[in-house]
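Only one structure is covered here, and it is reproduced in the block below.
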There are 2 protein chains.
Amino acid sequence: MASTAAGDGSRPGVEGRRPHDPRVVGDAPARLRADAAHNRRALLDAASATFAEEGMDASIARIAARAGIGKGTVFRHFATKQHLVVAIFCDRLDRLADLGAELSTAPDPAAALSEFMTVGVEQQASDRSFCQAATGDTRNDPAVRAASVRLAEVAETLTARARDAGSIRADVTGQDVVLLLGAACQAAAPVAATAPELWRRYLALIFDGLRPQAAHPLPHPAPTRTQLADEAAAAGSAG
Amino acid sequence: MASTAAGDGSRPGVEGRRPHDPRVVGDAPARLRADAAHNRRALLDAASATFAEEGMDASIARIAARAGIGKGTVFRHFATKQHLVVAIFCDRLDRLADLGAELSTAPDPAAALSEFMTVGVEQQASDRSFCQAATGDTRNDPAVRAASVRLAEVAETLTARARDAGSIRADVTGQDVVLLLGAACQAAAPVAATAPELWRRYLALIFDGLRPQAAHPLPHPAPTRTQLADEAAAAGSAG
DNA sequence: ACCTGAACACCGTTCAAGT
DNA sequence: ACCTGAACACCGTTCAAGT
């Protein structure tokens, strides 16, 4: 339905791996032939919509058909289904970070933080694949980690401003805020079909927990900025 | 590793479907032959441990091998992989409900609710399949719905006591409490490998949101007790 | 350089043959 | 009544053949 697109094709470096693979590893936007660029865009659009509707286990065949391309073409653009998921997931994170950056100069810090969180949860709640990707191996991908770090930095700016204004307790970080987006989404997920706006309730409840009025000492320190990177190593050695 | 078991085989009715299938649909514990009962137990133990370690996409072949039985035997006991997941998931829910029932007569209502939530999140945080099951189609299974309803009722008892004692805000229900368990778990999940106890931080943060001190009006009503049942119908017609 | 569908490997599920 | 592994269908991935 929605013609919303994932990515703009400007970061195709990380995914494909073939003998004559034209894609580069840096952020230089490798020039694609016109038909390839068109197919890539159609693929990302189809995948984005299909994953949102059906979750991460939607089949590649369905996505390829929806995009009007052959199955093989999917794997020319993305070495693996996982890489395709990563590209879309990163795009969502980037978009939210962009919004956060805009909001970081808004006049009311508490309202800005609230708006940021609201959009973040809304984005996740309408996408069946988002929570799956956030929990699964997807988060260990380098590109996802990079996008996550940037998102956490933007969130930290928003959080610091709200904290300085006294709207938010002192012991909460931007990383906390980002992680709590998934929390609100997950709480509402089991009843999403009958109460699609329920996430607003749990976001509000969680936001009340961020306020200074009810603050009790937290039993565990906030995750560090590099902990997500360590996470990948830990997962690798554990698997 | 752990010899923890899922279920006690006393509710085998819902899953299997074969020509000479001996299992009944009610709660009468169909008498299994000694070898069948033994295999069933081994299967549940192996599946419980494997799903916890590797998540829901662990292969049936691995589980069967771990249990020391043939692949075919798995499907004699559970018509589908999903049914196996359901059996284990229900058992987790039941165990938590049991704990809640015990805690409902504890002297300190707020401490009892906190203890209930702590054990609930702890259980989920150490099980890679739990969040997946809570988000996926698993929750639409009738047996899961029944277990969820019972869990919500127990939680409501605990919540009502804490509410009456003035420890918890008036607009929060037992259903909310149950859904927020998944929230705390999900928030911590992305960093679980490097900070396995991080969920304590988010549970504490969420619990602070339940206190009356920071309460602001909630923008959405609590889910109703029957909403989970409606959920299954909605999901069915939508798919 | 890029596209494609046939071919391969893997996994959930079925079933005929065993005890 | 129950167990088992070979057989089937499906899906992610590869690759030789096309333009």
Side-chain angles (χ1 to χ4, degrees), chain A residues 9 12 15-24 29-43 46-47 50-51 54-87 129 132 136-138, chain B residues 9 12 15-24 29-43 46-47 50-51 54-87 129 132 136-138:
Chain A
E15 43 261 12
R17 232 135 292 224
R18 278 298 178 70
H20 286 217
D21 195 330
R23 273 144 273 136
V24 296
R31 197 84 85 209
L32 294 176
R33 225 169 61 180
D35 55 347
H38 175 266
N39 282 346
R40 186 188 172 86
R41 177 105 308 278
L43 168 58
T50 306
F51 284 142
E54 304 177 23
M56 262 180 45
D57 40 359
S59 87
I60 290 289
R62 275 177 75 80
I63 292 171
R66 184 164 178 169
I69 62 178
K71 273 169 40 168
T73 308
V74 174
F75 292 97
R76 166 162 261 281
H77 285 276
F78 298 93
T80 245
K81 186 181 185 180
Q82 188 64 228
H83 288 257
L84 176 57
V85 170
V86 162
S129 69
Q132 292 173 23
D137 307 310
T138 310
Chain B
E15 43 261 12
R17 231 133 293 221
R18 279 295 179 71
H20 286 219
D21 195 330
R23 272 143 273 136
V24 297
R31 198 84 87 206
L32 294 176
R33 226 170 61 181
D35 54 347
H38 175 266
N39 283 346
R40 187 189 171 84
R41 176 106 310 278
L43 168 58
T50 305
F51 284 143
E54 304 177 22
M56 263 179 46
D57 40 0
S59 88
I60 290 287
R62 275 178 75 79
I63 292 170
R66 184 166 178 167
I69 62 179
K71 274 170 38 168
T73 308
V74 173
F75 293 97
R76 168 163 259 283
H77 286 276
F78 298 93
T80 244
K81 184 181 185 179
Q82 188 64 226
H83 288 257
L84 176 58
V85 169
V86 162
S129 69
Q132 292 173 24
D137 309 310
T138 311

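Hydrogens, waters and symmetry mates play no part in the numbers below; they use all other heavy atoms, side chains included. Sequence lines set the chain letters: A, B, ... in the order given, protein chains first and strands last, and positions in each chain run from 1.
The phosphate of C/dC3 (OP1 or OP2) has a side-chain N or O of A/H77 nearer than 4.0 angstrom. For D/dC2, neither phosphate oxygen OP1 nor OP2 lies less than 4.0 angstrom from any side-chain nitrogen or oxygen of B/N39.
When all heavy atoms of A/A47 and A/L84 are compared, the pair lying nearest together is CB-CD2, 3.9 Å. Heavy-atom minimum distance, A/K81 versus A/F75: N-CE2, 4.1 Å. Of all heavy-atom pairs spanning B/Q132 and B/D57, the tightest one is OE1-N, 4.4 Å. Nearest heavy-atom pair across A/V85 and A/M56 is CG1-SD, 4.1 Å. A/A58 and A/I63 make their closest contact through O-CD1, 4.5 Å (heavy atoms, listed as atom of the first residue, atom of the second, distance). Counting all heavy atoms, side chain and backbone alike, A/D137 lies closest to A/Q82 at C-OE1, 4.4 Å.
Atom NE2 in B/H83 sits about 12 Å away from atom C1' in C/dT13, given to the nearest Å. The distance between atom CZ of A/R33 and atom P of D/dT19, rounded to the nearest whole Å, is 13 Å. When the C1' atom of D/dC3 is taken as reference, atom CZ of B/R41 falls 19 Å away, rounded to whole Å. For B/D35 and C/dG18, the CG to C1' distance is 14 Å, given to the nearest whole Å. The interatomic distance linking A/R76 (CZ) with D/dG18 (C1') rounds to 13 Å, in whole Å.
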Give DNA chain C the dot-bracket treatment, 5' to 3': Watson-Crick (N1-N3 with N6-O4 or O6-N4) or G-U (N1-O2, O6-N3) under 3.5 Å, [ ] crossing, | other strand.
-> ||.|||||...|||||.||
Nucleotides 8-12 of chain D: which of its N/O atoms have a protein N/O under 3.5 Å away?
residue: D/dG12; atom: OP1; partner: A/K81; partner atom: NZ; Å: 2.8
residue: D/dG12; atom: OP2; partner: A/I60; partner atom: N; Å: 2.9

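Using a 4.5 Å heavy-atom threshold, the side chains of B/F78 and B/L43 count as touching.
Mapping B/T73 and A/T73 onto DNA chain D via the closest heavy atom, the residue that lands nearer the 5' end is B/T73.
B/R66 and B/T50 share a donor-acceptor pair across their side chains, judged by distance under 3.5 Å alone.
Contacts of B/D35 classified as salt bridge (charged side-chain N to carboxylate O under 4.0 Å, His left out), with partners at least two apart in sequence or in another chain: B/R33.
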